[in-house]
Structures are given as C-alpha cells and as structure tokens.
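For the numbers below, each heavy atom of this structure counts, side chains included, while hydrogens, waters and symmetry mates do not. Residue numbers start at 1 and run along the sequence shown. Order of appearance sets the numbers: ligands from 1, and atoms from 1 within every ligand.
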Amino acid sequence: MEEQKQKEEKSLNFLEEIIEEDLKSGRYVSIVTRFPPEPNGYLHIGHASSICLNFGLTLKYPGYTNLRFDDTNPVTEDTEYVESIKDDIHWLGFSWKNEFYASDYFDTLYGFAVKLIHKGLAYVDDSTSEEMAALKGTHTVPGEKSVYRSRSVKENLELFAGMKNGEFDDGSKTLRAKIDMAHTNMLMRDPILYRIKHAHHHRTGDKWCIYPMYDFAHGQSDSIENVTHSICTLEFVPHRELYDWLIEKLEIYPSRQYEFARRNINYTVTSKRKLLQLVTEGFVTGWDDPRMPTITGLRRRGYTPDSIRDFCDRIGVAKRENMVDVGLLEFCAREHLNKVAQRRMVVFDPVKVVITNYKIPAIGSDLSGGEILKVENNPEDPLGGHREISFSNEILIEGDDFMEVPSKKYFRLAPGQMVRLKSAYIIKCDEVIKDAAGKVVELHCSYFPESHSGNDVSGIKVKGTLHWVNAKDAIEIEVREYDRLFKVEDAASEEGDFKDYINADSLKIVKAFAEPAILSASLADRFQFLRKGYYCLDKDSKDGKFIFNRTVTLKDGWKA
Ligand code: ATP
Ligand code: MG
C-alpha cells in the first residue's frame, strides 16, 4: 500500500497536469479555485474529497481557494448549515481566502440577465412547466419554439422588471435564454435562467421574489470571483456548454469548468437529501450521529482530520464514477490513530483473577491496594509520556482470555498455563472457581515476583500477554460499538426506498471496565484500548458517566 501510494504521488492527476500546463504556458501566474457548497445540509465524506482537491491544489500551486455558498435556492437553505460547513472545513485543516455568497451577487446577476435581454438572448416565457416540457423535444426529436420566444426586447425588459417587482405569481413566468430549441444538448434548448419564487431567503430576506437557476448563478459567480479552475462533479459535463455560452455572451471573466468523478463509499449514502431524511425520520440521532458519513459524524466517531485527508489523497481524482470501500477509510483511521492514540487497558467481559500469593504492600489508604506501575502512553510516540496504573491481588481479565479446556494453540490463560499481564507480572492459573451452575466466577492464580515487566529475571517464557484492570479501582464505562448503517453496499441503487436497507443493528451499547487514567479523558483525546480498537470520549458523557465511541476495531474484522 505504502509503495503504491508513493507511486501515485509521483504522477500528477489530470487536474494537476492541466494546471501545470496553464502555469507553464503563462495562461495564469496563479490559480483560483473555490469550494461551492449549497447550505442545505451538513458536509459528508464526498464533500471532503472535493475540499481536499480544491484546497489541495492551491496549497501545491500559487493561488488561493474561496469558500462560496451556493445559496440561490431560498427554500432549503439555513444558516445552521452555513456555520457547520465552515466549522467542518476548518476542522479538516483548510482555510479559505474569501467567504462569498452567491446571494451577494443577486444584483449583479440581475444586471447580467438584463444584458442578455438587451442582446436579444433572453426572453420572458409565460408557459407553464408542463407546456415547456411538451415543447422540449427528446434526445432524438428537436424541440419547438415557445410562442413567447419572439417578444420584443422592450416587452421582455418590462416583464422581467415586473417579475422582479412581485407583479406575478410563482410559476407564472420564467426568464429563458434564447439559444436553440433543436440543439443536440437538451440543456441548450432555451434553458430557464430565472424563476419566480415568493420565498424568504436566509440572507437576502424578502428582497427578492425571483431567483436565478443553478446554471445562471454558478458560472457567473465563478467569473465574478475570477476563478480559474472551476472543479465540479461529472454530472455537470453537459452543463459545460451552457457555462461557456453564458460567459461568452456576457463577456465576463473566462472561468473554465473541469469535472471529476463523485466519490461515494459503500454501506452508506452520500446525498444530503437522503442524510436529511435519516435525521428527520429518526433513524439516527442527528447529523453528528457517529454512524453518519458526515464530517461532523466522523469527527464525533473519533476520526482525525489527518485520516480523512489521507483517505482523500489515496482515492485521488478520477474521471469515472466508482464506489470506494469504506474499509479504506477505516484503514486510514487505524494508520493515524496508531501514531497518536494513547493506550489504555479496558476489560469488556470480565472474569476475576485472585492472585493468591501477592502480598499487598502497606500503602495506607491507597484504594487500589497494591503497587503503582509506570506505563508508556504510546510506544509509537517517544513524546507520549507515561501514566500510572495500580496493581493488586484482584484483577479483571477478559472472559475469552481464559479457556478451561484450551485448544493446542491457545496461549492465553488456562488451568496450569502461564501468561503475562501487560506491563506487570507473569501469572499461572492454579484453580478455577465455579458457581453452582458451573459458571466460572473466579480464577485463582499465583504470580512470579521476579517477572516484573521491564525487569524480568524469572527466566520464564510465555507466549500470551493479556490486558487487565485492577478490580479495586476500575471505572465502569459505557461503550458504543457501531456497525455499517446499511446492510447493502449501495442502498440508493436498490429497489424501493433506500431506508428499507438500514441495518437495524448498527449500534450496540456495552459496558466495560477501564483503568482510572480514563477519568482525565477529554473530547479531543484519542485512545487505543489494548487489543480492542480505537475509541474516543463521546459528548453525551456527563455527571461522572463516561461514554466512549468505538471509532474502528484494531483489525479489519468485518466480513461481508
Ligand atoms: P448532495 O447530493 O449531497 O447534496 P451536492 O453536489 O448537491 O451533493 P453541493 O453542496 O452542491 O452538494 O456540493 C459542493 C461541492 O462538493 C460541489 O462542487 C460538488 O460537486 C462536490 N461534491 C458533492 N458531493 C460529492 C461527492 N460525493 N464526491 C465528490 N465531490 C462532491
Ligand atoms: Mg447540489
């Protein structure tokens, strides 16, 4: 994987090739890109790839990136989304040069429309949407001209002003570009530029009752901002012709559009509209539910910005749509968390071990009742520091780290068998205590005082090392274990409603016992629970109740 990554890093992606060529030819001395979200939902992992691409290019080449809110649809947009988008981009580690809003250009865009009317290149159409659809033609049949197409410039100017001034009802008129009703590109058959919508806008309030369509706002906003490379996803390929036509006719800055493939990952959905349904219909607890593929969900789940950027780098830029395996995202999380996560010992399904020959040192009121061990926080990080954990004659180990009748290759605890307790001593299982029903309730073991970790002079060799906690000071915590949100790879393309494919068992809540160092955990901390996985504190923790999210297991244990 590492090798392949290096190989990929050496070759340029197609956008980098274009930009290097543009810089070499002197077409530009620096470049301008933009990230243009519509503030109608929270950003998801697909957006992260667009963010990494747009901001990444201007980190690599001279120039800058703008953040532009594409807020031309008053009905679905909200300032809550604006704030969350800004927060997510910053969290990912990027900064924009300017924060712009397409709605700030409404006056300019109106002027552009008037200019087109003056040039005889736009007209007001009274057709209903059904009538327009009927005249649009098909891919093989040319469309027909609307009867309103021949209106004079003067009449069009008056009617368009009337539209703006609120003289007409929603849907009763539109402004259309006058291009070619027989064009092979259906989007060039007199596309709608403006529609009437008497709706409150989150920034412009009630000033406007006409709103520009996507195609008449996007490219124009790019031009207004002197964007050199306007990068969007493949579904906009057919729009490029209109994008160029409008720029040419309006004689404005010649921004250029380039398309790359949308990034979708399996076992989830990446569409704000669908994610919104999951939120409003209560399938998840919110946009930041740790099962959501949103940036805010991934963040709460314990993903780091570094791991998400690494993921976006590795999947790179493609020209063909494909589904990326969520396993790669998890791989990237493990790679980074292994470097930064503090190690803690946590036992999930405990069985008690009594160390019968352990002489409790007399250390007064120490609740732990034993000695204090100094343990490295992170063997991967020389600056990771140490923590203290206590040892006593009563400890807890995982139930499945003991087997009464072990198989041949079982190197964990079994009657007569020895194991090392991580960072402490080697113990040997002498006796198994059961209740009346035959269930193992306690293991009586002896320990070897000369086998202290780091100073082992016992000469005993063992193959198994177990994590453990001191039964006398362990802290009970809640752990939320997450699974795929959907049972199928691509719920959106399955028959019926995508929500029929939701995995009902995507959340499992368990309790566990942690070493007391866990008490100082903060939301920003990342942990590896030894032999288990990576975890982080959840914001629901309160009043002394510690709740942890499992980010990923230690190894890829999931199989389709
Ligand atoms: P959604 O369908 O989730 O609403 P969108 O494309 O409508 O997505 P926008 O807010 O318009 O969302 O997107 C902002 C930018 O992010 C656009 O340039 C868009 O092309 C890009 N983008 C959105 N989804 C993806 C994705 N899955 N992969 C790559 N880029 C994406
Ligand atoms: Mg959109």
Side-chain angles (χ1 to χ4, degrees), residues 13 15 32-57 65-73 75-78 80-86 88-89 92 94 96 99-103 202 213-215 217-219 221-222 225 227 229-240 243 255-279 287 292-298 308-309 311-326 328-329 490-493 498:
N13 67 47
L15 289 162
V32 181
T33 62
R34 85 288 171 265
F35 175 65
E38 187 183 345
N40 61 350
Y42 281 66
L43 299 180
H44 52 63
I45 186 72
H47 293 113
S49 108
S50 172
I51 292 169
C52 290
L53 177 62
N54 279 295
F55 286 91
L57 287 171
T65 302
N66 289 334
L67 168 61
R68 180 173 73 239
F69 289 100
D70 215 341
D71 58 347
T72 53
N73 183 358
V75 188
T76 52
E77 295 161 4
D78 204 308
E80 174 197 345
Y81 299 137
V82 168
E83 292 311 313
S84 75
I85 288 169
K86 292 200 280 186
D88 287 346
I89 300 172
L92 276 175
F94 298 107
W96 49 91
E99 176 183 331
F100 289 134
Y101 293 80
S103 57
H202 76 112
M213 301 299 287
Y214 171 88
D215 284 313
H218 201 87
S221 303
D222 286 342
E225 295 168 14
V227 168
H229 298 78
S230 170
I231 301 161
C232 60
T233 43
L234 284 180
E235 68 270 26
F236 291 99
V237 169
H239 295 249
R240 196 193 321 130
Y243 183 100
S255 301
R256 288 185 170 192
Q257 176 183 301
Y258 300 93
E259 308 85 12
F260 79 112
R262 274 182 106 77
R263 291 314 201 168
N264 301 313
I265 55 176
N266 56 8
Y267 299 102
T268 190
V269 290
T270 42
S271 144
K272 280 179 283 184
R273 200 173 45 81
K274 291 199 175 69
L275 294 171
L276 178 63
Q277 284 181 52
L278 296 180
V279 174
W287 286 98
M292 291 280 271
T294 51
I295 312 269
T296 181
L298 291 166
I308 294 175
R309 289 198 308 263
F311 169 75
C312 294
D313 266 6
R314 284 173 192 265
I315 61 176
V317 197
K319 278 190 174 171
R320 214 171 325 139
E321 296 263 338
N322 68 345
M323 184 69 96
V324 182
D325 194 297
V326 63
L328 180 62
L329 182 61
D490 188 5
S493 73
F498 77 101

Checklist entry - Do the rings of Y81 and Y42 sit parallel, tilted or perpendicular, given the 30° and 60° boundaries? => result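 Perpendicular.
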Checklist entry - Is it true that the side chains of D71 and S103 contain a donor and an acceptor less than 3.5 Å apart? => result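 Distance-only check passes for D71 and S103.
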Least distance between heavy atoms, [X] atom then [Y] atom:
| X | Y | answer |
| --- | --- | --- |
| L92 | R309 | O-NH1, 2.7 Å |
| S255 | Y243 | CB-OH, 3.3 Å |
| W96 | N66 | CB-C, 4.2 Å |
| R68 | D222 | NH2-OD1, 2.8 Å |

With only distance considered, is [X] within less than 3.5 Å of ligand 1 through an N or O on each side?
| X | result |
| --- | --- |
| S49 | no |
| N40 | no |
| E235 | no |

Quick check on contacts: which atoms of ligand 1 are under 4.0 angstrom from a heavy atom of [X]?
| X | value |
| --- | --- |
| N264 | 27 (N) |
| E38 | 9 (P), 10 (O) |
| T233 | 20 (O), 29 (C), 30 (N), 31 (C) |
| P37 | 10 (O), 14 (C) |
| K272 | 1 (P), 3 (O), 4 (O), 8 (O), 9 (P), 10 (O), 12 (O) |

Next on the checklist: Can you confirm whether P39 sits close enough to H202 that some side-chain heavy atom of one is under 4.5 Å from a side-chain heavy atom of the other?
Outcome noted: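 Side chain of P39 against side chain of H202, heavy atoms only: contact under 4.5 Å found.
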Checklist entry - Heavy atom of K274 under 4.0 Å from ligand 1? => result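 No heavy atom of K274 comes that close to ligand 1.
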Next on the checklist: Using a strict threshold of under 4.0 Å (side-chain N to carboxylate O), is an ion pair present between R34 and E225?
Outcome noted: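 No.
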Item to check | side-chain hydrogen bond (donor to acceptor under 3.5 Å, both in side chains) partners of Q277, counting only residues at least two apart | outcome: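 For Q277 the side-chain hydrogen bond (donor to acceptor under 3.5 Å, both in side chains) partners, ignoring immediate neighbours, are K499.
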Between [options], flag the one that comes closest to [atom] by a heavy atom.
| atom | options | value |
| --- | --- | --- |
| atom 21 (C) of ligand 1 | A261, P293, S50 | S50 |
| atom 2 (O) of ligand 1 | R262, R273, R263 | R262 |
| atom 12 (O) of ligand 1 | H47, R68, R34, E321 | H47 |
| atom 18 (O) of ligand 1 | C312, P36, A48 | P36 |

Checklist entry - After noting the C-alpha distance and the side-chain angles of E38 and K272, does the key distance pass the salt bridge (charged side-chain N to carboxylate O under 4.0 Å, His left out) rule? => result CA-CA 10 Å; E38 187 183 345; K272 280 179 283 184; 5.2 Å; no
Next on the checklist: Test of understanding: given a 4.0 Å heavy-atom threshold, classify the contact between F35 and ligand 1 as side chain, backbone, both, or neither.
Outcome noted: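 For F35, the contact with ligand 1 is made by the side chain alone.
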Checklist entry - Any idea which part of L275 is under 4.0 Å from ligand 1, heavy-atom wise: side chain, backbone, both or neither? => result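 The answer is neither; L275 stays 4.0 Å or more away.
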